[in-house]
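Input: one structure, supplied below.
Positions are given from 1, in the same order as the sequence printed here.
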Amino acid sequence: MSTRTALTGNNKKLAFALAVVFILLGWQVAAWSLPDFLMPDVPTVIVRLWQEVQTENFRAALWGSLGRLGAGYGSAMLFGIAFGLIGAVLFFFREVLKSAIIILQSIPSIAWVPLFLILMGFGSLPIIVVVAVAAFFPAALSVMNATENVQHVHVSAARVMGASRWDMLRRVYLPAVMPELITGAQLAFGNAWRALISCEMLIGFGKGLGRSLSYAGETADMVGVMTSILAIAILAPLIDQLLLENLKHRVLRYQYV
C-alpha cells in the first residue's frame with residue numbers, strides 16, 4: 001500500500017496561490033501600519049509596475065538582466081554537468097573537485113565582485129562570471145553526488161560489453177543522474193538569480209533590474225523600490241515554472257504518469 005507524499009496538479013497551484021495571497025496580505029498589513037512614504041500599498045505598486053512594463057527603460061533593464069542571466073547560468077550548467085560527469089569516471093578528480101567546491105561555495109557570491117571588477121573592469125562580463133560561479137557549485141555537486149549512486153551492476157555490465165569512457169558517460173551515467181541534475185539546475189537557478197540582482201545593484205553598470213532597484217533606493221523612491229522588488233519576485237518563479245518545471249516534466253515524464 002503506497003502513501004502519496006507530494007501534491008500534484010490543482011493542489012500544487014492552489015498552494016502556490018495561497019502563498020502569494022499570504023505574502024501580499026502581509027505586505028498590505030505593513031502598508032496600513034506605516035506611512036505611505038515608507039511602505040506603499042499593494043495596489044499602488046501594481047499600477048506602477050503596469051506602467052513601467054510599458055516603458056522602454058523597463059524593457060531594456062529586463063533584457064539586460066535576462067541576457068546576463070542566460071550567459072552566466074548557461075555556462076555554469078554546461079561546465080557543471082561536464083565536470084560532474086568527468087568525475088564519474090575519474091574518481092581522484094571527483095574528490096579534488098568536490099573538496100574545492102565545498103571550500104569555495106562557502107564564499108558569498110557577492111564577495112567575488114571586487115576581484116572580478118579589478119581583473120575584468122566594469123561591464124557585463126564580471127557580472128556574468130559571478131553568476132556562473134554561483135550556479136556552478138550546485139550544478140556540479142548534484143551531478144557528482146548522483147554519479148556515486150549509480151548502480152554498480154549497470155556500470156559493470158557496460159564495461160563487460162566493451163563500453164568506452166565516453167559511452168559510459170553518455171549511456172550509463174547521464175540518464176541515471178538526470179533526476180538529480182534537474183533538481184540541481186533549479187537550485188543553481190536560484191543562486192544565479194540572487195547573484196545577478198546583487199551584482200547589478202553593487203556594480204551599477206548599464207541596464208538591469210538590480211540597477212533599477214538600486215537607483216530607486218538612492219533616490220528614496222519607495223514605490224520604485226517595491227515595484228522593482230515585485231518585478232524580481234514575479235520573474236524568478238515565472239522562469240522556474242515555464243522553463244525548468246516544464247523541462248523537468250518532459251525529461252522525467254515517467255514519474256508523472
Polar side-chain atom of Ser65 near backbone of Leu209 as donor-acceptor pair, under 3.5 Å:
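Yes, the answer is positive, given that a donor and an acceptor are paired below the 3.5 Å cut-off.
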Within a 6.0 Å radius of atom OH on Tyr215, are there more than 12 heavy atoms belonging to other residues, nucleotides or ligands?
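No, not enclosed.
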Is there a path from Leu24 to Val225 through hydrophobic residues (I, L, V, M, F, W, Y) whose side chains come within less than 4.5 Å of each other?
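Yes; tracing contacts between hydrophobic side chains, which count when under 4.5 Å, links both residues.
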Passing candidate, side-chain contact (heavy atoms from CB on, under 4.5 Å) with Leu49, options Val53, Val47, Ile46:
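Answer after filtering Val53, Val47, Ile46: Val53.
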Determine, using the 4.5 Å side-chain heavy-atom cutoff (strictly less than), whether Leu78 and Phe189 are members of one ILVMFWY cluster.
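No, no single cluster joins them.
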Hey, what's the ring geometry for Phe83 with Phe79, parallel, tilted or perpendicular (30° and 60° as the breaks)?
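Tilted.
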The criterion is side chain to side chain contact (heavy atoms under 4.5 Å, CB included); which residues satisfy it with Arg48, sequence neighbours excluded?
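With neighbours one apart ignored, the set is Gln51, Glu52, Asp221, Val223, Thr227.
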For the residue pair Leu235 and Leu62, establish whether any side-chain heavy-atom pair is separated by less than 4.5 Å.
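Touching, per the 4.5 Å side-chain cut-off.
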Is Met39 close to Pro35 at the side-chain level, that is, under 4.5 Å between some pair of heavy atoms?
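No, side chains not in contact.
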Give me the atom names and distance for the closest heavy-atom approach of Ala192 to Val131.
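Heavy atoms of Ala192 and Val131 come nearest at CB-CG1, 3.7 Å.
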Shared ILVMFWY cluster between Tyr73 and Ile128, side chains joined below 4.5 angstrom?
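Different clusters: Tyr73 never reaches Ile128 through Ile, Leu, Val, Met, Phe, Trp or Tyr contacts under 4.5 Å.
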Between Asn191 and Phe137, is any pair of side-chain heavy atoms under 4.5 Å apart?
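No, too far: nothing below the 4.5 Å cut-off.
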Residue pair Ser109 / Ala134: nearest heavy atoms and the distance that separates them:
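Shortest heavy-atom separation between Ser109 and Ala134 comes out as OG-CB, 3.2 Å.
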Could you tell me if the side chain of Phe136 sits less than 4.5 Å from the side chain of Ile101, heavy atoms only?
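Yes, their side chains come closer than 4.5 Å.
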Side-chain touch Val129/Trp112, heavy atoms, less than 4.5 angstrom
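With C-beta onward as the side chain, the pair stays apart.
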Is any side-chain heavy atom of Met226 less than 4.5 Å from a side-chain heavy atom of Thr44?
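No. Closest side-chain heavy atoms not under 4.5 Å.
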Looking only at non-hydrogen atoms, find the nearest pair between Met222 and Leu38 and report the distance.
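So the minimum-distance heavy-atom pair works out to CE-O, 3.1 Å.
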For Ile23, what residues pass the side chain to side chain contact (heavy atoms under 4.5 Å, CB included) criterion, not counting sequence neighbours?
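Result, side chain to side chain contact (heavy atoms under 4.5 Å, CB included) vs Ile23: none returned.
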Would a single hydrophobic cluster contain both Ile86 and Phe92, if residues Ile, Leu, Val, Met, Phe, Trp and Tyr are joined by side-chain heavy-atom contacts under 4.5 Å?
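Each belongs to a different hydrophobic cluster.
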Is there a continuous path of hydrophobic side-chain contacts, each under 4.5 Å between heavy atoms, that joins Met120 to Leu196?
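Both belong to a single hydrophobic cluster.
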Would you mind reporting whether Ile110 and Val113 have side-chain heavy atoms less than 4.5 Å apart?
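Side-chain contact under 4.5 Å: yes.
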Can you name the closest pair of heavy atoms from Ala60 and Lys207 and give their distance?
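Distance-wise, the nearest heavy atoms are O-CB, 3.8 Å.
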Taking every non-hydrogen atom, the tightest pair across Met144 and Gly84
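Looking at all heavy atoms of both residues, the shortest contact is CG-CA, 3.6 Å.
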Answer yes or no: is there a side-chain heavy-atom contact under 4.5 Å between Ile127 and Glu200?
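Yes, their side chains come closer than 4.5 Å.
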